[in-house]
Number of protein chains: 2
Amino acid sequence: MPDLAALEILLAVARAGTLSGAGREVGLTQQAVSARLAALESRTGVRLATRTTRGATLTAEGVVVAQWADRLLRLAEEVDTGLAALRSDSRSRLRVSASLTVAEHLLPSWLVALRADAARRGETPVRVVLTATNSDHVIEQVRDGSADLGFIEGVTVPAGLRSRVVARDSLVLVVTPDHDWSSIPVAELAATPLVTRESGSGTREVLTVALRDAGLEQVEPALELSTTAAVRAAVLAGAGPAVLSRLAITDDLAAGRLREVPVAGLSLERELRAIWTGPRTPPAGAVRILLSHIHS
Amino acid sequence: MPDLAALEILLAVARAGTLSGAGREVGLTQQAVSARLAALESRTGVRLATRTTRGATLTAEGVVVAQWADRLLRLAEEVDTGLAALRSDSRSRLRVSASLTVAEHLLPSWLVALRADAARRGETPVRVVLTATNSDHVIEQVRDGSADLGFIEGVTVPAGLRSRVVARDSLVLVVTPDHDWSSIPVAELAATPLVTRESGSGTREVLTVALRDAGLEQVEPALELSTTAAVRAAVLAGAGPAVLSRLAITDDLAAGRLREVPVAGLSLERELRAIWTGPRTPPAGAVRILLSHIHS
DNA sequence: GTGGAGTCACAAGGACGGCTTGTGACCGCG
DNA sequence: CGCGGTCACAAGCCGTCCTTGTGACTCCAC
């Protein structure tokens with residue numbers, strides 16, 4: 001299990017060029033930085049930086065590890081920002097209520113962007129309080145004023161609320177990389193036993209309805225599981241193809257763990273919307289600022 | 001800074017359904033699990049799981065945090081596998097030498113897939129020893145036998161070596177999401193001051209050559225920086241557009257931090273190749289197994 | 001040439017966090 | 001009604017990690 005603090009120190013060393021400078025940057029002494037870096041090197045068995053009497057520079061391996069660390073720490077920062085936004089005790093600024101899909105995959109990076117922007121302007125960042133529930137409850141919370149801003153998924157625009165499309169999600173057919181499909185007609189998809197969520201899940205409904213609209217009836221699933229994560233794991237383990245939200249598997253697609261198979265004649269798009277009450281344009285400064293970071 | 005161990009415990013609780021079961025799964029006592037989970041909840045100020053006298057189930061917020069944790073821990077596992085592969089002391093199995101681009105962005109997930117596959121078959125995973133350098137040195141190491149397998153970038157196939165394309169990388173023009181470009185002709189790209197790497201860098205050369213081939217001359221850069229990460233940060237900070245490897249910014253594209261702008265009449269593809277010596281098909285079992293996880 | 005300011009590394013001491021063991025309260029089931 | 005399961009609280013202990021103090025070394029200015 002990698003040590004995030006040590007990786008952060010490595011990045012500080014890369015930026016500062018000296019151990020002491022890195023120490024000042026992260027608020028530690030030079031000795032502590034030296035020890036942590038030595039510990040990281042001992043864990044990997046590779047020299048990550050060459051120390052001279054006048055500074056320290058990363059080796060080639062050090063650059064690679066720094067790159068890995070950078071990705072990891074960026075994601076960790078997103079998670080941390082998300083965790084901070086979950087704090088409910090603070091009776092503060094912008095109350096955001098979001099559906100699970102948005103909260104899980106999109107909001108953290110928006111919040112980081114929001115905070116970075118405030119830092120760039122020298123302002124104190126808006127404090128965001130996040131609640132995560134299903135879309136119906138989000139609508140309810142925005143209606144009754146217990147949330148200033150909501151994020152929902154689904155095709156219908158709730159009556160009496162203002163809204164704006166902030167992102168699109170689509171369900172995609174995915175297989176393991178060694179699968180022989182490259183592109184299939186929609187009829188073959190309907191005839192294939194899939195790994196799916198249990199009946200009643202939103203993702204599964206969308207697919208069923210779309211196939212029914214196309215005049216097709218689905219065969220029985222190969223496997224029914226109760227969470228998207230479990231479905232994803234089953235596909236990776238070779239249990240069969242699945243239709244999943246693209247947002248949930250961008251990492252896997254980028255890393256080549258999963259492969260997307262286009263289905264001719266089928267499009268399963270759904271819109272993710274920001275919703276709020278009141279005037280047509282987003283009301284308070286806070287809401288507008290957050291939305292200004294989100295481009296559909 | 002989030003606590004990876006605590007997040008892992010949260011996932012174990014989600015899987016097991018009880019704190020004690022989670023404890024058995026991660027090798028801790030029930031009391032330790034209870035304390036760590038309580039600490040995590042106190043950090044967020046939100047109840048992540050409801051404890052009954054007969055188990056524990058995640059709340060809606062808990063599910064969201066678990067999803068974040070899952071992404072973060074997957075990436076952490078990749079980094080950890082990469083770190084393990086850097087260990088040089090073990091005089092062991094498969095010596096892999098890779099260019100920086102491949103080592104930074106692709107190899108970790110391949111190694112995780114390799115290990116997971118071995119675990120699924122019940123075999124002990126191949127021990128991989130990784131060296132990261134530039135493409136020329138990779139070729140040299142494969143030639144002189146100090147590496148069993150190499151990964152390089154570039155258009156030319158080295159003479160005397162077998163090779164296979166394992167992935168493609170392309171340079172893409174990226175801007176901040178609020179930029180007004182949607183698609184531009186190649187002449188406008190050449191006339192735009194960009195944030196770039198310093199002269200002599202591979203990425204910069206590729207762009208310069210491609211523009212020269214198109215009969216265009218580039219204007220002076222807006223800013224010259226020495227690492228890809230610095231260029232990326234400058235673009236995010238609004239310093240201007242840049243042309244970067246798509247592999248280095250997939251996260252940013254997915255999160256909407258950066259936006260890709262198609263350039264009409266310009267394609268900057270480069271192939272990433274596995275190289276080895278000897279017979280036409282990959283030789284030892286180990287090499288073939290690793291390659292079987294990589295599909296171009 | 002020599003002192004000063006910078007670099008990094010080694011050693012000793014102390015504080016804090018986190019795990020274990022021990023125990024108690026509660027619930028359901030046979 | 002006891003037994004097996006759940007989780008929470010308390011005390012003690014161990015290890016990690018940071019700080020302070022010190023030494024070796026290099027470069028530079030005087």
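A, B, ... follow the sequence lines: proteins, then strands. Residue 1 opens every chain.
Between A:Ala32 and B:Arg24, the one whose closest nucleotide on DNA chain D sits nearer the 5' end is B:Arg24. For the pair A:Leu28 and A:Thr53, nearest-nucleotide mapping onto DNA chain D gives the more 5' position to A:Leu28.
Rounded to whole angstrom, the span from the CZ atom of B:Arg51 across to the C1' atom of C:dA25 amounts to 16 Å. In this structure, the CG atom of B:Leu19 is 14 Å from the P atom of C:dT20, given to the nearest Å. The CG-P distance, from B:Leu40 to C:dG18, rounds to 12 Å in whole Å. Here D:dT6 presents its C1' atom at 9 Å from CZ of B:Arg54, a figure rounded to the nearest Å. In this structure, CD of A:Glu8 is placed 16 Å from C1' of D:dC17, rounded to the nearest angstrom. Taking atom CD of A:Gln31 as the reference point, atom P of C:dC10 lies 12 Å away to the nearest angstrom. Taking atom CG of residue A:Asp3 and atom P of nucleotide C:dG18, one finds them 13 Å apart after rounding to whole Å. Here the C1' atom of nucleotide C:dG18 and the CD1 atom of B:Ile9 are 10 Å apart, to the nearest Å.
Counting heavy atoms from C-beta outward, B:Gln31 and B:Leu19 have side chains that stay 4.5 Å or more apart. The closest side-chain heavy-atom distance from A:Asp3 to A:Arg36 is below 4.5 Å.
At a cut-off of 3.5 angstrom, the base of D:dG5 holds no donor-acceptor pair with the side chain of B:Gln30.
Side-chain atoms of A:Arg95 and A:Ser146 form no donor-acceptor pair, as typed in the model, at a separation below 3.5 Å. Between the side chains of A:Ser97 and A:Thr131, no donor-acceptor pair is found at a separation under 3.5 Å. For the residue pair A:Ser99/A:Glu153, the side-chain donor-acceptor check at 3.5 Å is satisfied.
The shortest distance between the side-chain N/O atoms of A:Thr29 and the OP1/OP2 oxygens of D:dC18 is not below 4.0 Å. Between D:dA8 and B:Ser34, a contact under 4.0 Å exists linking OP1 or OP2 to a side-chain N or O. For the OP1/OP2 pair of C:dC19 and a distance below 4.0 Å, the side-chain nitrogens and oxygens of B:Arg36 include at least one atom meeting the criterion. Residue A:Ser20 has a polar side-chain atom (N or O) positioned under 4.0 Å from OP1 or OP2 of C:dC8.
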